[in-house]
Amino acid sequence: MTNDQQVAAAAASDLSDQERIRLEKLEALQAAGEDPYLITKCDVSHHAQEVINDFDELEEKTVTVAGRLMSKRGMGKVGFSDLQDTTGRIQIFSKIDVLGAEDYEKWQSLDIGDLVWIEGQVFRTNRGEISIRNTGWLLLSKSLRPLPEKFHGLRDTDTRYRKRYLDLIMNPDVRDTFIKRSIIIQTIRQELMDRDFLEVETPQLNTVAGGASAKPFVTHHNALDLDLFLRISPELYLKRLIVGGFERVFEIGRNFRNEGMSTKHNPEFTMMELYQAYTDYHGMMDLTEDLVVSAARAVLDDLQITYQGVEIDLNPPFRRMTMLDAVKEYAGIDFREIEDDADAHRVMAERVVPDVLPEMSRGELLNHCFELYAEEKLVQPTFLMDYPIEISPLTKRKPDSNGLVERFELFIGGREYGNAYSELNDPIDQKERFADQMKKHEAGDEEAQLPDEDFVEALEYGMPPTGGLGIGIDRLVMLLTDSGSIRDVLLFPTMRPLT
RNA sequence: GCACCAUUAGCUCAGUCGGUAGAGCAACUGACUCUUAAUCAGUAGGUCCAGGGUUCGAAUCCCUGAUGGUGUACCA
C-alpha cells in the first residue's frame, strides 16, 4: 500500500456507511467520465415557486429548473422527488418509459441532498400536485454527507448555529427570518434615503472607543505599532460629519462590545445610527415611529403583533412618558420631591430599595429605580424621556430641569430598542462631561466614556442643534420575526470554537 | 462569572432499579407505473461528549473538563 492509499483508507474508515456509499457513487461517476464537479453552469428557466404560481400559462410547457433533491418516493418504474430551490419546492415526476431504463436507473441512484438540473414539462399529477415531468437531467453536484431527517429537520441549536447552511436547507422558517431581516434593513435604508439622509461609513478601528458606555475589544496595528479598539458606537464620527456640513447622515453597521452574551446580546451586533441637524429628540421620536412602523409593515400584515406570546400594538403614536413619571407610576417614588443626593439616599433607605451603592447620585438612583421597577412594565411601545445627566454624557441638558437631559429610549416588551438625544453641541460642557467620565474611569468604572479630544475640537468649530438616534437592528428583527434569541437573527452568531 | 439542565446511530429521540444498546426517518437489498412523512419484506449501522472514580458489572451513580441551552450577573 502506498502512502496515499493508506491515507485514503484511513480517511475512508472514518466515514459513516452513508458517507462511504456516496463517495463511492461519486468515484464511479468520475471513472465513467461523468464528474459533476466539471459542470460550470446550466440554464434555469424557472424557479419552483414560479412554476406553481404560473401553472396556467406553463401547463405542458417545457421548463428547466435546478436545486437540491430533498426527498425521493420510488414506485418501481416511476418515482417522485422534491426539488428545493431558493423559492421553495417543486415535485419532479420521473418515469422509466420517458428516461429509458439506463437513465432511470441512474436517476434513482441519486441521493437526497444532491444538486440537480432538470428539464421537463409542467403538469398536474392525478392527485393534483403541480409537478415537472422529467425528460432530461444532470447531476450538478454530489452531496457526500446525508442531510438531517426530513420530518423533524435540524433541531440541535448548537449545530444549527455552527452549520447555518444546514439550518437554512432544512428549516424554511429560518430562511424566512433572514429574508425578513434583509427587508427590514432595506426598508429602513430606503425610508432614510427618501428623507435625504446620506449613508456613510465611519471607522470600525478606533484609537478612542467612544460614543457609548461599554468595554471595547482591543487589537493591534503592526505597522503603526498601535493598539486600536473595535468601535462600540459610530456616534462621535457621525457627529463630526454634522459639523462638516452634512445635515443628515446615517450608518448601518456593526458595533462590537466586549461584554457578556445572552439571548439579547451578541459581541458584534448591528446598529443603525442617524443624525439630523436642526431638530431635537422630539423630531427623533417621530422619525423612530416612522422607521419602526415602516419596517413592521414591510414584513407583517398587521401592526398588532405577538412577540413570544405577548400582544404588542405597534400602531402609532407610541406612548411618551418621562422617567420621572415612570418611576412615580411603577415604583411610587416621586423624584420631583427629591432635592439632592442625600435626600435621594434617605428615600431609598426608607423604601428599602435593593442594590443601592453609597456613591450613587440622585440621577443614578432615579435610573436605578427605573430599571428595578418600571422597565419591565413598558410592554407597549413607549418613548421613555428625560434621563439623568450623569448617565448621558453626550446629551443636551433639558432646560429648567434638575439634572435631566433631552434623551429617550424606546421600550417595547420591557426591552430597549432605540436610544436618542438632542445632541450636546456645547464644546465646553462636553469637555466637562468627559472630565466627569474620566473621574469615574479613574475610580474604577471600566465603562465610563473616555474623552475624545478631537471630537471636542470638532464641536468647537460649531455643530448645529442636532437630533441623533440609534436603533438596535438585531432586536428589531427579533421583535418583527418573533425570535426569542438574538442568535436566531444572526446568520453566524458568535460561538466558542470546538477544540 | 455563577446556578440549573442537556449531550445515546447521519438526523429526531427512547433507554425502567446499575445487569447484553432501542425506535422512526435516512442508508443498503428486494417488490411496486401517480406518490407526497409513499407502502411492504429484509439487512446493516454505536468512542452512549471526553477523562478519571465507585462497583463483580456504568449510557445510568460520583468527580473534573468540553460544548450548547435556560436563568442570573455584567451590559443603558
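Protein chains get the first letters and strands the later ones, always in sequence-line order, with residue 1 at the start of each. For clarity, every value in this text was computed on a predicted model and none was experimentally measured.
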Counter-base of B:C40, judged by Watson-Crick or G-U geometry with both distances under 3.5 Å: B:G30

Complementary nucleotide for B:A3 - Watson-Crick or wobble, under 3.5 Å: B:U70

Roughly how many Å apart are B:U8 and B:G15, using the P atom of each and rounding to a whole number? 14 Å

Quote, to the nearest angstrom, the P distance that separates B:U35 from B:A9. 35 Å

What is the distance from [atom1] of [X] to [atom2] of [N], rounded to the nearest Å?
| X | N | atom1 | atom2 | result |
| --- | --- | --- | --- | --- |
| A:Lys72 | B:C25 | NZ | P | 15 Å |
| A:Phe151 | B:U12 | CZ | C1' | 10 Å |
| A:Asp114 | B:A26 | CG | P | 15 Å |
| A:Leu23 | B:G10 | CG | P | 17 Å |

Heavy-atom nearest nucleotide on RNA chain B taken for A:Gly74 and for A:Ile112; more 5' hit belongs to A:Ile112

Of A:Pro393 and A:Ile96, whose nearest nucleotide on RNA chain B comes first from the 5' end? A:Ile96

Per [X] side chain, nearest of listed nucleotides [options]:
| X | options | result |
| --- | --- | --- |
| A:Arg73 | B:A27, B:A38, B:C28 | B:A38 |
| A:Lys150 | B:U36, B:A26, B:U12 | B:A26 |
| A:Lys95 | B:G45, B:C25, B:U33 | B:U33 |
| A:Ser485 | B:U35, B:A27, B:U70 | B:U70 |
| A:His152 | B:U35, B:U12, B:C34 | B:U12 |
| A:Asp156 | B:G68, B:A27, B:U12 | B:U12 |
| A:Asp17 | B:G45, B:C11, B:G10 | B:G45 |

Can you find a side-chain donor-acceptor pair between A:Asp488 and A:Ser483 that sits under 3.5 Å? no

In A:Lys72, A:Lys150, A:Arg68, A:Arg73, the residue satisfying salt bridge (Lys or Arg N to Asp or Glu O under 4.0 Å) with A:Asp82 is A:Arg73

Strictly below 4.0 Å: does A:Arg487 bring a side-chain N or O up to OP1 or OP2 of B:G69? yes

A:Arg127 side chain near B:U36 phosphate (N/O to OP1/OP2, under 4.0 Å): yes

Which is true for [X] with a 4.0 Å heavy-atom rule: it touches a base, it touches only sugar-phosphate, or it touches nothing?
| X | result |
| --- | --- |
| A:Leu147 | nothing |
| A:Arg162 | sugar-phosphate |
| A:Arg496 | sugar-phosphate |

Pairs where residues 68-116 of chain A contributes a residue and the test ring-ring contact (aromatic ring centres under 6.0 Å, His included) is met, not counting sequence neighbours: A:Phe80-A:Phe93, A:Phe93-A:Phe123, A:Trp107-A:Trp137

Roughly how far apart are A:Glu289 CD and A:Leu314 CG, rounded to 0.5 Å? 10.5 Å

Can you tell me how far CE of A:Met284 sits from CZ of A:Phe383, rounded to the nearest 0.5 angstrom? 10.5 Å

So for [X] and [N], does any side-chain atom that can act as donor or acceptor lie under 3.5 Å from a complementary atom in the base?
| X | N | answer |
| --- | --- | --- |
| A:Asp97 | B:U33 | yes |
| A:Glu129 | B:U35 | no |
| A:Glu149 | B:A26 | no |
| A:His265 | B:C75 | yes |

Result for ring pair (Phe, Tyr, Trp, His ring centres under 6.0 Å) between A:Phe411 and one of A:Phe318, A:Phe370, A:Tyr330 points to A:Phe370

